[in-house]
Amino acid sequence: MAFGKGHHLHLIDGSAFIFRAYHALPPLTRKSDGLPVGAVAGFCNLLWGELTAARAQAATHIAVIFDAGSKTFRNEIYDQYKANRPPLPEDLRPQFPLTRDATRAFNVACLEIDGFEADDIIATFARQAKEAGGTVTIFSSDKDLMQLIGDGVDMHDPMKNKRLGREEVLEKFGVGPERVVDVQSLAGDSVDNVPGAPGIGLKTAALLINEYGDLDTLLARAGEIKQPKRREALVDNADLIRISRDLVRLRDDVPVGVTLESFELQPPQGEAVMAFLKQMEFATLMKRVGEKLGVAAPALEAGKGYEVAGAHEVAEVTQAPIDPGSYVCVRDMATLQGFIDQARQRGWLAVDTETTSLDEMRAEIVGISLAVEPGVAAYVPLLHRTGTDDLLGQVTLVPGQMDRDAVLAALKPVLEDPSVLKIGQNMKYDAKIFARLGVQVAPIDDTMLMSYAMHAGLHNHGMDELSQTYLGHTPIPIKELIGSGKSAVTFDRVDIDKATRYAAEDADVTLRLWQMFKPKLHQAKVTTVYETLERPLVPVLAEMEMAGIEVDRQVLSRMSGAFAQKMAQLEEEIQTLAGEKFNVGSPKQLGEILFDKMSLPGGEKGKNGAYSTGADILEDLATEHELPGRVLDWRQLSKLKSTYTDALQDHINPETGRVHTSYSISGAVTGRLASTDPNLQNIPVRSEEGRRIREAFVAPKGKVLVSLDYSQIELRILAHVADIPALQQSFRDGIDIHAMTASEMFNVPLSEMTSDIRRKAKAINFGVIYGISGFGLARNLRIPRGEAQGFIDRYFERFPGIKEYMAATVKFAQERGYVQTLFGRKIHTPEINARGPGAGFAKRAAINAPIQGTAADIIRRAMIRMPQAIAGLPAKMLLQVHDELLFEVEEAAADTLISRAKEVMEGAAHPAVAIKVPLVVEAGKGANWAEAH
DNA sequence: ACGCTCACG
DNA sequence: GACGTACGTGAGCGTA
């Protein structure tokens with residue numbers, strides 16, 4: 001029978017059901033294999049409830065509509081559409097196809113169409129139903145659907161369990177359903193990232209539309225608006241507003257390919273429902289559905305059902321042992337396609353690349369390994385070369401390898417497919433290799449970062465260590481393939497059979513680690529840390545590293561020359577003073593000259609019997625003799641030359657002409673990044689001579705460098721976490737915090753503050769962050785230990801909250817074995833209950849970690865939000881130096897960049913944590929880093 | 001491979 | 001009462 005008068009259609013927004021189910025339930029997994037099924041279970045419950053309700057409401061037709069998940073036509077209109085959506089939780093993705101299966105199992109029509117959102121499909125069916133003379137109820141909480149209300153179409157919000165009609169639309173938008181699109185086009189939508197008109201919200205938009213009738217009239221007569229702000233917002237952004245309208249207006253002409261008749265409400269077929277529920281191991285639901293349908297629920301075998309993720313370890317015992325002999329060497333397209341198909345089927349793929357270098361910007365890809373299941377792994381050799389060059393000195397490819405570009409072309413769709421999760425160990429490396437080959441790998445999971453989120457402080461997170469610790473398996477060492485030291489060869493010279501065993505094993509191990517870590521993230525309560533502070537940082541850092549920073553070789557080379565001259569001169573003077581030639585760079589020889597030959601006082605031998613000749617000791621000796629001062633000068637120049645002016649030149653990439661550092665996300669236990677090859681986080685700044693090295697870090701013509709750094713961020717965090725009202729107030733008032741501390745401690749009014757008193761207070765403030773001790777402060781200030789202890793006692797007397805915070809933090813660590821940042825990052829403190837001197841170290845580290853770690857979390861949050869915030873500006877984020885971000889930007893846009901980036905940085909803690917003191921960011925710009933800082 | 005020294009936050 | 005200490009990093013060098 002044709003759909004028409006008297007018929008009533010229920011249209012269900014399936015995606016809304018899924019998300020609601022996912023967030024309402026704990027992470028449940030199927031007992032037999034650990035498959036995440038929480039969202040599916042919740043979805044089935046909601047659907048079952050809805051089916052019961054539909055009958056009660058005399059629905060005659062029903063359908064569940066899903067989002068197809070891939071890009072839609074709206075992304076072609078506006079590429080930023082929905083661009084700020086958080087990434088999908090990794091355990092939700094594989095449940096999507098199961099919810100479709102569930103819908104079909106309940107004998108309900110289900111539909112999704114590539115290129116369109118569920119909302120468009122719903123709009124299309126709603127129109128068809130209306131035109132046929134029937135009525136429609138839409139089940140969704142999505143306000144975008146409210147434009148469809150009226151004339152036989154109403155909505156039901158399942159979250160609030162309430163009907164939405166014309167009155168509710170008026171209440172929410174200030175206009176009727178027919179003008180909802182106009183209002184939304186003006187107001188924009190931050191959730192979907194619809195731009196709208198800047199500065200116009202829902203209220204103003206409704207006011208304008210009601211005054212002018214509709215959007216087109218309003219835009220045509222925008223010049224008449226009296227308020228200058230509103231007038232400009234509309235006149236200047238007319239195009240953006242029209243684009244916004246195309247984004248919010250639902251299409252009701254989607255080629256759906258099915259008719260309304262096919263949605264006729266059918267009773268569920270007991271057998272099909274039961275088969276599905278049994279497969280999912282949903283015992284309770286089987287019983288409930290069975291009773292209603294009058295079918296016996298089949299019993300589940302022992303050990304089946306579902307449970308909260310990680311409740312039991314099933315992974316290891318059920319897995320096949322790791323056997324490198326079983327891996328496949330891929331030499332033809334059909335075999336490769338087989339792995340790709342398996343990846344699509346499962347929704348995940350473990351990937352690893354083998355290359356000629358650890359430097360991602362110079363490395364050439366040699367092969368790719370893949371794994372889809374524990375034990376099911378393959379290696380695709382691409383560019384292995386013969387061990388010896390031929391007679392002409394030419395390298396020759398080993399025969400039997402597939403063409404690199406053909407393999408990449410085959411892999412690109414799956415590597416870029418948003419519905420297939422790519423799993424790797426240190427994915428930033430592989431993502432950069434692929435990016436250089438034109439493949440943007442996403443979405444990703446990273447076992448190194450999962451381990452870091454769970455185990456920071458317990459051990460490092462390299463693959464060999466993780467495999468040993470968590471799989472009890474020692475992977476083939478890379479040394480066995482490429483050798484070590486001077487005789488090491490690059491991976492392209494490795495025999496393909498050996499490479500297959502090694503490389504595929506890495507992918508296999510990575511996949512197994514991922515399966516083991518996944519449920520444990522929830523258990524360790526670090527899912528949010530992983531999802532918001534680790535995983536999203538990978539693409540951000542990859543971008544920064546690939547951008548690199550321009551370094552002027554000339555500047556460095558000139559400085560190197562000058563340093564060399566000055567050093568030679570100093571060396572001669574030193575040797576004359578010593579009365580003999582010796583290696584000034586050898587602490588051992590220097591110690592013997594100073595303390596044995598010249599008999600200067602204060603010679604202390606370290607653990608291996610050598611005299612200590614550190615800067616502080618030489619500074620003390622400088623009053624006794626000329627030589628130590630000269631050595632200090634020589635050392636400074638030597639350091640600057642070897643570590644900076646010489647070494648940095650070697651790091652200039654010949655292709656890009658820029659220096660590309662690599663950030664280690666999991667290198668520092670506190671959450672800080674670490675920079676290597678080269679380390680761009682310790683470029684000199686404290687001494688005048690050193691600071692000049694920053695003049696070599698330059699912006700290209702027409703651009704400038706912009707530096708933004710958090711002012712006193714760790715002290716601000718201390719004021720918050722230790723809850724010290726006096727410190728908090730000073731930060732709110734913008735008072736010099738060290739002067740204020742000094743004033744409180746020494747009873748000196750701010751107006752009479754001397755730089756010496758302030759210096760002491762500053763040292764104490766920093767000392768507190770480090771877990772202060774009388775000894776440490778005494779050494780830092782070069783004052784007697786008793787005096788230093790006196791300062792500390794006075795400080796604690798004045799700010800008792802600090803002492804309480806320190807004690808509470810240590811106690812927390814002793815009881816739980818870890819400390820936490822404000823954002824939930826855990827830093828383990830395994831040595832906290834040790835005896836001996838180690839105990840002191842562990843306590844101070846435990847006190848420092850939440851403060852340093854919270855600061856690290858904050859700048860991570862800022863960095864993750866930054867690409868979105870500066871999109872459209874001719875600007876790039878280049879470097880991070882713990883509390884500083886460095887950008888390169890076209891000169892004309894520098895001030896815009898500063899204001900946008902500053903806003904992101906100062907607001908980075910929100911909305912997760914409301915810090916009681918303002919975060920303040922200071923900005924500078926200039927032709928080089930010295931000027932910008 | 002390890003420790004010393006020193007550059008940074 | 002003695003011990004040994006500021007927190008977090010990475011690079012280059014000399015020495016074993």
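First the proteins, then the strands, lettered A, B, ... as listed; each starts at 1.
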Legend entry - Residues A/E534 and A/R825 bridged, charged N to O under 4.0 Å: yes

Legend entry - Pairwise P distance for B/dA7 and C/dA2, with rounding to whole Å: 36 Å

Legend entry - Atom-pair distance (CD on A/Q636; P on C/dG12), nearest Å: 18 Å

Legend entry - Under-4.0 Å side-chain N/O to phosphate OP1/OP2 contact, A/R844 with C/dC7: yes

Inset, instruction - Give none if C/dA6 has no partner; otherwise give the nucleotide forming a Watson-Crick or G-U wobble pair with it, both distances under 3.5 Å. - result: none

Inset, instruction - Would you indicate, yes or no, if C/dT9 has its OP1 or OP2 atom less than 4.0 angstrom from a side-chain nitrogen or oxygen of A/T670? - result: no

Legend entry - Side chain of A/I772 (C-beta onward), nearest among C/dT15, B/dA7, C/dA6: C/dA6

Inset, instruction - Between C/dC7, B/dC8, C/dG12, spot the one nearest the side chain of A/N682, thanks. - result: B/dC8

Legend entry - Inter-nucleotide C1' distance (C/dA6, B/dC2), Å rounded: 24 Å

Inset, instruction - Kindly point out which of C/dC7, B/dC8, C/dA11 is positioned nearest to the side chain of A/N679? - result: C/dA11

Legend entry - Closest to side chain of A/R635, choosing from C/dT9, C/dT5, B/dT5: B/dT5

Legend entry - Nucleotide nearest A/S642 when distance is taken to its side chain, options C/dC13, B/dG9, B/dT5: C/dC13

Inset, instruction - Check whether any side-chain nitrogen or oxygen of A/N583 sits under 4.0 Å from OP1 or OP2 of C/dG14, and answer yes or no. - result: yes

Legend entry - Any A/S675 side-chain nitrogen or oxygen under 4.0 Å from OP1 or OP2 of C/dT9: no

Legend entry - Nearest-Å distance for atom pair CG/P, residues A/N765 and B/dG9: 18 Å

Legend entry - side-chain N/O A/T676 vs C/dT9 OP1/OP2, d < 4.0 Å: no

Inset, instruction - Go through B/dT5, B/dC6, C/dT9 for me and flag the one nearest to the A/A615 side chain. - result: B/dC6

Inset, instruction - Take atom P in B/dC6 and the same atom in C/dG4, then report the distance between them in whole Å. - result: 22 Å

Legend entry - Between C/dG12 (C1') and A/Q649 (CD): distance, integer Å: 16 Å

Inset, instruction - Would you name the heavy atoms of A/N426 and A/D446 that are closest together and state the gap between them? - result: N-OD1, 2.9 Å

Inset, instruction - Have a look at A/A647 and say if it touches a base, only the backbone sugar-phosphate, or nothing, with a 4.0 Å heavy-atom cut-off. - result: sugar-phosphate

Inset, instruction - Compare side-chain N and O positions of A/Q681 against OP1 and OP2 of C/dG8 and report whether any pair is under 4.0 Å apart. - result: no

Inset, instruction - Could you please name the option among C/dC7, C/dG14, C/dG10 that lies closest to any side-chain atom of A/Q852? - result: C/dC7

Inset, instruction - Please determine if A/R844 forms a cation-pi arrangement with A/F841, meaning its NZ or CZ atom is less than 6.0 Å from the six-membered ring centre and no more than 45° off the ring axis. - result: yes

Inset, instruction - May I ask you to check whether A/Y805 and A/F799 place their ring centres under 6.0 Å from each other? - result: no

Inset, instruction - Using whole Å, report how far CD of A/Q789 lies from P of C/dA6. - result: 15 Å

Inset, instruction - Check the angle between the aromatic planes of A/F746 and A/F791 and answer parallel, tilted or perpendicular using the 30° and 60° thresholds. - result: perpendicular

Legend entry - Any A/R686 side-chain N or O less than 4.0 Å from OP1/OP2 of B/dA7: no

Inset, instruction - Let me know the distance between OH of A/Y611 and C1' of C/dT15, rounded to the nearest Å. - result: 18 Å

Inset, instruction - Please work out if A/G614 contacts a base, only the sugar-phosphate, or nothing of the nucleic acid, heavy-atom cut-off 4.0 Å. - result: sugar-phosphate

Inset, instruction - Using the P atoms only, state how far B/dC8 lies from C/dC3, rounded to an integer number of Å. - result: 34 Å

Inset, instruction - For A/G840, report the nucleic acid contact type (base, sugar-phosphate, nothing); a contact means any heavy atom under 4.0 Å. - result: nothing

Legend entry - Expected output: side-chain A/R716 to main-chain A/S711 donor-acceptor under 3.5 Å: yes

Legend entry - Value in whole Å for how far the C1' atom of C/dG4 lies from CZ of A/F775: 7 Å

Legend entry - A/R779 vs C/dT5: side-chain N/O to OP1/OP2 distance below 4.0 Å: no

Inset, instruction - Please determine, for the side chain of A/R785, which listed nucleotide (C/dG4, C/dT15, C/dG10) has the closest atom? - result: C/dG4

Inset, instruction - Examine B/dG9: is either OP1 or OP2 under 4.0 Å from a nitrogen or oxygen in the side chain of A/R672? Give yes or no. - result: no

Inset, instruction - Is it possible for you to check whether A/K826 lies under 6.0 Å from the centre of the six-membered ring of A/Y818, through NZ or CZ, and within 45° of that ring's axis? - result: yes

Legend entry - Integer-rounded Å distance: C/dC7 P and A/F766 CZ: 15 Å

Inset, instruction - Starting at atom OH of A/Y770, determine the distance to atom P of C/dG4, rounded to an integer number of angstrom. - result: 24 Å

Inset, instruction - Pick base, sugar-phosphate or nothing for A/E714, based on heavy-atom distances below 4.0 Å to the nucleic acid. - result: nothing

